[in-house]
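Residue numbering restarts at 1 for every chain, and letters A, B, ... go by the order of the sequence lines.
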Amino acid sequence: MDSSGAQASGTFDADRRNASWWVDRVVQALVFTGGVSAIVLIIGIFVFITGHGFGFITDHMDVGEFFTSPKWRPTSDNNPTYGALALIAGTASVTGLAMLVAVPFSLGAAIFIAEFAKGKTREVLKVLVELLAAIPSVVWGFIGLSIMNPLIIETFDVPVGLNVLNAGVILGLMAAPIMTTIAEDALKAVPEGFREAAEALGATRWQVIFKVVLPAARNGLVAAVLLGVGRGFGETMAVLMASGHSINLPTSPFDSVRALTATIAAELGETAAGSEHYQALFTLGILLFGVTFVINLTADLFIRGRRKP
Amino acid sequence: MFESTALNDKNRRVEKLWRLLFCAMTVMLVVPVLLILGVLVVKGGPAISMDFLFTDPTDGMTAGGVFPALIGTVWLVAVALLLSVPLGVAAALYLSEYAPDNLLTRIINLAIINLAGVPSIVHALFGVGAFVIFFQFGTSILAASLTLAVMTLPVVIVATRESMQSVPHAFREACWNMGATRWQTIRHVVLPNSISGILTGVILEVSRTAGETAPIMFTGAALFLPYLPQSVWDQTMAMSLHLFVVATQVPGVPEHLPFGVALVLISMVLAMNAVSIGFRMYLRGKKKW
Amino acid sequence: MPPTSDTPLAAGADADAARAQAPSSSQAPDKVVVQDLTVRYGDKVVLDKASFEIREHEIFGIIGPANSGKTSFLRALNRMDDFTEGMTVEGRVSLDGRDVRAWRNVYALRRRIGVVFPLPVGLPMTIYDNVALAPRLGGERNKRELDRIVEHCLQRAALWDEVKDRLDSLGSLLSGGQQQRLTIARALSQKPDLLLLDEFSIAVDPVTTMRIEDVLKELKHEITIVLVTNLVQQARRLADRTAFFLNGECVEVAPTEDLFTGPIKDQRTRDYVEGRFG
């Protein structure tokens, strides 16, 4: 090896941190800020919502009443009450019915698209599902209001068509494309070798699907359902317009209900910033944020579980 | 021999049955939507005309057109894009090109997933608390667009990241080996080959943004305004909220009017989506490697 | 490699050239010195305490079966570990007497080292842009100078005649053999003073391989070449000295002919070159 004295100074001239080097550093810092912004925003959402709802939780909220009383009467002059049970029941019943509708159909559709459909059919179906996902929620609400409503009144001979059934079906149709897409991804992620191995053993197509593909894709399918639930749970405009928006503990699918999300949307405009009612609406927001956060986190764990092996 | 054939026949019949069932489920999912679109076209079609698109609502919103709402939606979407596209592309660049596989990156990914999963009405609450009140933007296009931008940020990030990661790693290594910096590699190899995928994602975001209602209700969209917005500090009407208003808040609206509004809104949104899908298919057919 | 042989190689090459021409004994000065180099991916050691020298203006062969650490050495030499998750390097590699880790601008280091991969990588841009990219990144804007570099490098890589009429077509859509020569032209366009070739003939037909080998024989008068190959005979045809790597160990470094017929230190070397394993 040469002694250090032989190191040519010319070599070091080439080793300057030139403009390109600095530009790269600056860009790296900028895009890093962009990446971190996602964290800042999600924390920001949490901070601002709890910040505005916190006063209610500490000063006015009766936890027992909040979760067990169906009396949501924030505008009562002498004695406003904040029982969210009916709202929770409304959200739960609508989301539940939506899942009843959407889960079998989206999983069925995902299986058909991933395992049976080929070529053009497959392409067309995928595009249709994608377009289905693109319809804005206010349009869905309008469909519930103007098409489903008279349809339900006529078919079931009930006085009001804006109810759990209406909102549930609408919500089911809204959540279905998401679930279909994620479930199909999960099915497609099952290695082709699994299928071939099972077929080589003489299994028929549907045996392969039920005994091999579905179990292998289980985590992804659970994640798909969870994300569908999250979507239905958080949906606002469609539920506001199609559920009837009246406070009720539903006993049948033909009862009108009111959802957590819809309550915020309907009442926030009529409250004074900082008032008790206003803070109570933000408290509902905290609840929504918390639940969807948990759902998303769980779904992510399931998807990760699928990727690991 | 005979028995095994019978078994095969039975198997084939069972398989056909399953196939039929799954196919029926898929059809049941798709057909109602086509029916609904059909009804919208039939009932809303007669309302649509040049006048409808280019005049103001009149007679307490029971007649006239949707012009201010259309312009308002363009404002909201444009400002939201200006805010979210640079931020989203930066975030995607970081995640795709720079981020090491560490805890911070995992947290960023989780944050993005949650940002996409938070209900739109919670985004609205955030918009009110942060932009309208805390930053004192008031109810304005700026506040509403910021709220929309935060909400649709994950769409840009995910689409951009996917499109960048579809550029083979070997191209990056080749560039690095030539002494290109990461940024030079991104500029000369990654971006030129993912820009169309990024555009596809942006178009998709436009369609999402245009249809959102809840996030703008309390942050900048007005039920009715007799004038067009002049700056980002003004409130504005918007197509999505206008549909909600004429469908639920205004008494005595003739039936064809809300159908017309819905048809215009959904045409905008679906057209954007169709462009995005078509663009993607065109790109898939045009391989550069 | 300079466009014309009388211009300096790179900003820092004058001294190198001076040293190269200095009347030393029969032995040329060291270009690369490797001391106790250990490379890991995660916990897996892929190269274990390798030590050897590469001399100026020689073709230095590295042979050995797959997974013996050959490519890892090349990646450590131009500090790819900086950009590679989980890759760690210990020990010392120095270029012209200076530890590569001491370079503050890793990009300037890499610009002096041209690399050709086993699988050809034509970048998805025009053939012209492929070859003009490195000079452009280096700040060259003059169109005529770029034209000259492109033609010169493509000619050196024995590709010019085939593509001179379609320089605007995509480099990534050329045939495998053409892409490999394009990769070589691109490596030359950096004006490197060290050229690393990693099993370049895998994706190339025999005729093209021969043409590239001829090019290398000429190039070694100007630059130093490290030739990683799994073809023992290719090393024998081209390399002045050759190292034998096995399972992450640098088993032997010797004048190439010695590996085949001369005195050796380790019987495994002879077994490998005579095809008894690997």
Side-chain angles (χ1 to χ4, degrees), chain A residues 20-21 23-24 27-28 30-32 34-39 41-42 44-45 48-49 51-52 105 108-109 111-113 116 125 127-128 130-132 134-139 142-143 145 147 173 176 204-206 230 234 236-237 241 261 264-265 268-269 273 282 285 288-289 292-293 296 300, chain B residues 11 14-15 18-19 21-23 25-26 28-30 32-33 36 39 87 90-91 93-95 98-99 107-108 110-115 117-122 125-126 129-130 133-134 150 181-184 207 211-214 217-218 240 243-244 247-248 258 262 265-266 269-270 273 277:
Chain A
S20 315
W21 193 91
V23 168
D24 186 58
V27 170
Q28 183 165 359
L30 282 178
V31 297
F32 178 73
V36 171
S37 72
I39 301 178
L41 286 173
I42 200 79
I45 290 176
F48 273 102
I49 294 173
H52 283 260
F105 282 99
I111 293 173
F112 184 74
I113 294 174
F116 290 108
L125 286 175
V127 166
L128 280 175
E130 202 170 322
L131 289 180
L132 190 56
I135 299 175
S137 71
V138 67
V139 173
F142 177 66
I143 291 164
L145 202 63
I147 300 178
L173 283 172
T204 61
R205 192 66 174 280
W206 56 273
T236 309
M237 297 313 287
M241 294 164 83
T261 49
I264 303 176
L268 189 66
F282 272 85
L288 285 169
F289 181 85
T292 42
F293 195 86
N296 285 311
D300 186 60
Chain B
N11 274 340
V14 173
E15 184 175 334
W18 279 113
R19 194 194 153 92
L21 178 71
F22 290 134
C23 185
M25 284 172 137
T26 316
M28 296 270 282
L29 205 63
V30 174
V33 181
I36 286 164
V39 173
L87 195 60
L93 266 175
Y94 178 71
L95 290 171
Y98 289 90
I107 294 176
I108 292 176
L110 265 183
I112 292 168
I113 290 169
N114 275 298
L115 221 45
V118 167
S120 57
I121 192 69
V122 174
L125 291 176
F126 170 62
I133 297 175
F134 184 78
V150 171
T181 65
R182 280 182 194 269
W183 169 240
Q184 286 170 332
S207 96
E212 283 300 340
T213 314
M217 275 173 105
F218 311 110
S240 53
L243 173 59
F244 177 68
T248 64
L265 178 60
I266 206 162
V269 168
L270 290 189
N273 267 271
I277 292 169

Cut-off 4.5 Å, heavy atoms of chain B, and the answer for Leu131(A) is both
Looking only at heavy atoms, the pair that brings Ala90(B) and Gly34(A) closest together is CB-CA, 4.1 Å
Is chain B contacted by the side chain of Phe112(A), its backbone, both, or neither, given a heavy-atom distance below 4.5 Å?
both
When every non-hydrogen atom of Ala247(B) is compared with those of Met241(A), the smallest separation belongs to CB-CE, 4.1 Å
Among Val150(B), Asn114(B), Thr181(B), which residue has the highest count of heavy-atom pairs closer than 4.5 Å to chain A?
Asn114(B)
Residue among Ala109(A), Ser20(A), Ser137(A) with most heavy-atom pairs under 4.5 Å to chain B
Ala109(A)
Would you mind checking which part of Leu145(A) comes under 4.5 Å of any heavy atom in chain B, side chain (CB onward), backbone (N, CA, C, O), both or neither?
side chain
Should Tyr94(B) and Val36(A) be marked as a side-chain contact (heavy atoms from CB on, under 4.5 Å) after you check the CA-CA gap, both sets of side-chain angles, and the distance that decides it?
CA-CA 9 Å; Tyr94(B) 178 71; Val36(A) 171; 6.0 Å; no
Which residues satisfy the side-chain contact (heavy atoms from CB on, under 4.5 Å) test with Leu87(B), sequence neighbours excluded?
Ser37(A), Leu153(B)
Which atoms of Ile39(A) approach chain B - backbone, side chain, both or neither, heavy atom under 4.5 Å
both
Select one option (side chain, backbone, both, neither) describing which atoms of Leu128(A) are under 4.5 Å from chain B's heavy atoms.
side chain
Sort out for me which of Gly211(B), Ala130(B), Ala262(B) touches chain A most, counting heavy-atom pairs under 4.5 Å.
Ala130(B)
Tell me, for Leu265(B) versus chain A, whether the close heavy atoms (under 4.5 Å) come from the side chain, the backbone, both or neither.
side chain
Might you point out which heavy atoms bring Ser207(B) and Asn273(B) nearest each other, and give the distance in Å?
OG-ND2, 2.7 Å
Counting only heavy atoms closer than 4.5 Å, note whether Ala273(A) contacts chain B via side chain, backbone, both or neither.
side chain
Only pairs of heavy atoms separated by less than 4.5 Å count here; which of Leu243(B), Thr248(B), Val118(B) has the most with chain A?
Leu243(B)
Please identify, among Phe142(A), Phe105(A), Phe32(A), Phe116(A), the residue contributing the most non-hydrogen atom pairs under 4.5 Å to chain B.
Phe142(A)
Is chain A contacted by the side chain of Leu21(B), its backbone, both, or neither, given a heavy-atom distance below 4.5 Å?
neither
Ile111(A) side, atom CD1; Arg19(B) side, atom CZ - distance, nearest 0.5 Å:
13.5 Å
Just give me the residue among Pro32(B), Ala99(B), Pro258(B) that pairs up with chain A most often, heavy atom to heavy atom, under 4.5 Å.
Pro258(B)
4.5 Å side-chain heavy-atom contact, Phe244(B) and Met217(B)
yes
Option that, when pairs with chain B are counted at under 4.5 Å, heavy atom only, ranks first among Leu288(A), Ile113(A), Leu30(A), Thr236(A):
Thr236(A)
Report the option among Ile135(A), Thr292(A), Val127(A) that has the most heavy-atom pairs separated by less than 4.5 Å from atoms of chain B.
Thr292(A)
With a 4.5 Å limit on heavy-atom distance, are the side chains of Phe218(B) and Ile121(B) in contact?
yes
Does the pair Leu115(B) and Leu41(A) meet the rule for a side-chain contact (heavy atoms from CB on, under 4.5 Å), with working shown?
CA-CA 8 Å; Leu115(B) 221 45; Leu41(A) 286 173; 4.2 Å; yes
Tell me, do Ile143(A) and Val39(B) make a side-chain contact under 4.5 Å, heavy atoms counted?
no
For residues Ser240(B) and Thr213(B), report the shortest heavy-atom separation together with the two atoms involved.
CB-OG1, 3.3 Å
Counting only heavy atoms closer than 4.5 Å, note whether Leu125(B) contacts chain A via side chain, backbone, both or neither.
both
For Leu29(B), which atoms come within 4.5 Å of any heavy atom of chain A: side chain, backbone, both, or neither?
both
Comparing Gly285(A), Ala265(A), Gly51(A) against chain B, the one with the most heavy-atom pairs below 4.5 Å turns out to be Ala265(A)
Pick from Phe289(A), Trp21(A), Phe293(A): which one has the most heavy-atom pairs with chain B under 4.5 Å?
Phe293(A)
Less than 4.5 Å to any heavy atom of chain A: does that hold for the side chain of Val122(B), its backbone, both, or neither?
both
How many angstroms lie between atom CG of Asn296(A) and atom CD1 of Ile112(B), to the nearest 0.5 angstrom?
13.0 Å
With a 4.5 angstrom heavy-atom cut-off, could you sort out which part of Leu125(A) is near chain B: side chain, backbone, both or neither?
side chain
Under 4.5 Å heavy-atom distance to chain B, tell me which part of Phe282(A) shows up: side chain, backbone, both or neither.
both
If we only count heavy atoms from C-beta on, is the Phe48(A) to Ile133(B) side-chain gap below 4.5 Å?
no
